[in-house]
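For reference, the structure discussed in these notes is given below.
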Amino acid sequence: MRKKIIGAALRLAVSAGIGIYIFSKPDINLLKISAALKNIELSWLIPAFFTYKAAILLSSYRWLLLMKAHNIKVSYPHAVALNYLGCFFNNFMLSLTGGDIIKAYYASKLTSEKKAESATIVFIDRLVGVAGLLILGIASILLSIGKEGMHSAMIVIFTAVLVFVAFGFLTFNTTLAQKFNKYTGHGKIKETFRKVYDAVYFYKSKKKVLAEALGISILGWTLMILMNFQLARGLGIELPAGHYFALIPVISIISAIPITISGWGLREGMYKQFFGAVGVSGGDAVSLSIAFALIMLAWSLIGGVLYALHIPNFTAQQEKK
């Protein structure tokens with residue numbers, strides 16, 4: 001318990017430290033940012049608000065596809081509910097993916113026979129999401145070669161692709177898995193590892209499902225980028241659409257590094273860094289980041305209501321019947 005408290009305090013300290021550093025810069029004025037957010041054009045804000053909703057619905061369907069490929073019974077409404085739950089707990093955990101742990105926990109309750117598999121699929125779903133993001137990012141970066149301010153973004157995206165490919169090789173390498181399994185001990189730990197590995201390896205024979213899930217992921221991230229474009233226009237930021245397709249994937253990758261609570265601080269710093277490199281003022285870039293984060297927060301509150309009403313437990317019991 002003490003370690004958890006210390007860990008939480010450190011993460012809050014890092015988030016606060018980065019935030020203080022950002023807002024101490026002369027080009028960042030908190031009052032101006034507050035005014036910009038209050039005066040954002042509703043004709044852009046409202047579409048952005050519902051664009052994010054569409055992205056949530058798409059990602060829920062992607063996870064549903066992966067679960068059904070394993071013959072794990074789950075309804076679309078339940079998939080959406082668990083997605084909202086994960087979004088809600090992201091607000092209190094590391095980076096923007098910490099809620100996956102909670103989502104995996106409730107996913108494991110969907111079945112008594114495939115608990116390890118159903119929990120693992122949550123993280124496979126996340127990997128498919130990252131793959132879609134990287135495809136969009138690398139395509140956009142390649143189209144942006146030669147444009148001012150894209151050098152750093154190019155380095156980040158290509159590094160991320162290399163790491164992802166290496167991770168995929170290690171994950172799907174049968175020889176390495178067998179060696180690792182040899183040293184995992186006996187009994188429950190060994191059996192759990194085998195189930196987790198089987199759940200991952202299972203998709204090597206389900207290329208059609210993976211391709212469909214990847215396509216959904218690319219579409220979902222396109223909506224997230226479109227949302228940023230809409231918010232930027234609402235804030236008066238005039239920037240070609242191609243810049244968002246090149247920069248948002250890079251910012252999303254870095255913001256997922258688990259060093260701050262829900263990405264706060266780190267995300268704002270990255271918006272300032274990368275959008276600043278293409279001519280956007282620091283105040284406008286941070287305003288865009290905060291507007292994006294507040295919409296995510298608003299939709300995530302649905303997950304908090306569902307959790308308070310014990311909906312995940314109830315629906316899990318219904319799915320088993």
Side-chain angles (χ1 to χ4, degrees), residues 15 18-19 22-23 28 30 32-59 83-84 86-88 90-99 129-130 132-133 136-137 140 153 219-257 260-278 280-303:
S15 295
I18 295 175
I22 292 170
F23 286 103
I28 304 295
L30 190 56
K32 287 184 178 180
I33 290 174
S34 178
L37 293 172
K38 287 179 182 178
N39 295 321
I40 188 170
E41 292 183 28
L42 290 178
S43 60
W44 288 106
L45 176 62
I46 293 172
F49 187 76
F50 289 102
T51 297
Y52 184 71
K53 166 70 172 181
I56 290 177
L57 295 177
L58 269 177
S59 64
N83 214 358
Y84 275 126
C87 290
F88 175 70
N90 275 339
N91 295 318
F92 314 105
M93 303 181 78
L94 285 175
S95 75
L96 294 172
T97 58
V130 171
L133 177 65
L136 266 180
S140 301
L219 180 56
W221 277 110
T222 299
L223 289 175
M224 295 287 275
I225 293 167
L226 173 61
M227 174 193 170
N228 275 270
F229 174 78
Q230 292 166 326
L231 289 172
R233 286 302 172 92
L235 289 165
I237 300 172
E238 298 290 337
L239 199 65
H243 283 70
Y244 297 89
F245 279 89
L247 298 179
I248 295 302
V250 173
I251 292 170
S252 299
I253 289 166
I254 297 176
S255 297
I257 297 174
T260 65
I261 299 294
S262 192
W264 282 102
L266 181 60
R267 176 180 54 243
E268 284 64 49
M270 292 305 100
Y271 268 80
K272 181 180 182 298
Q273 172 68 32
F274 288 102
F275 277 98
V278 294
V280 178
S281 72
D284 284 343
V286 173
S287 296
L288 175 58
S289 174
I290 293 174
F292 173 64
L294 290 177
I295 287 180
M296 289 196 299
L297 174 62
W299 279 113
S300 75
L301 295 178
I302 293 175

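Predicted model, so just to flag it, every value in this text is computed and none were measured.
- Inter-residue side-chain proximity for Phe245 and Thr222 is flagged as met; some heavy-atom pair is nearer than 4.5 Å.
- Minimum heavy-atom separation, Gly282 to Lys272: CA-CG, 4.1 Å.
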Could you list the donor-acceptor pairs under 3.5 angstrom formed by side chains in residues 289-300, with sequence neighbours left out?
from	atom 1	to	atom 2	distance (Å)
Ser289	OG	Glu268	OE2	2.6
Trp299	NE1	Phe49	O	2.8
Ser300	OG	Asn91	ND2	2.8
Ser300	OG	Leu297	O	2.7

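- For the pair Ser34 (side chain) and Leu30 (backbone), a donor-acceptor distance under 3.5 Å is absent.
- In this structure, CD in Gln230 is found 11.0 Å from OH in Tyr244, a value given to the nearest 0.5 Å.
- Annotation: side-chain contact (heavy atoms from CB on, under 4.5 Å) contacts of Ile40 (sequence neighbours excluded): Leu45, Leu231, Leu235.
- No donor-acceptor pair under 3.5 Å is formed between the side chain of Ser140 and the backbone N or O of Gly137.
- Leu239 and Arg233 make their closest contact through O-NH2, 3.7 Å (heavy atoms, listed as atom of the first residue, atom of the second, distance).
- Between Ile237 and Phe275 the shortest side-chain heavy-atom distance does not fall below 4.5 Å.
- Expressed to the nearest 0.5 Å, how far CE of Met224 lies from CD1 of Ile56 amounts to 8.0 Å.
- Taking CZ from Arg267 and CG from Leu288, the interatomic distance works out to 10.5 Å, rounded to the nearest 0.5 Å.
- Between Gly129 and Trp221 the shortest heavy-atom distance is O-NE1, 3.0 Å.
- Using a 4.5 Å heavy-atom cutoff, the side chains of Ile248 and Tyr271 are in contact.
- Pairing each heavy atom of Ala153 with each of Val250, the nearest pair is O-CG2, 3.6 Å.
- Of all non-hydrogen atoms in Ile257 and Leu266, the two that sit nearest each other are O-CD2, 3.9 Å.
- We find the CD1-CG distance between Ile302 and Asn83 to be 11.0 Å, quoted to the nearest 0.5 Å.
- Nearest approach of Ala55 to Gly220, heavy atoms of both residues: CB-O, 4.0 Å.
- Once rounded to the nearest 0.5 Å, the distance linking CG of Leu136 with CD1 of Ile225 reads 5.0 Å.
- Of the inter-residue distances, the one linking Met270 atom CE with Leu247 atom CG reads 12.0 Å to the nearest 0.5 angstrom.
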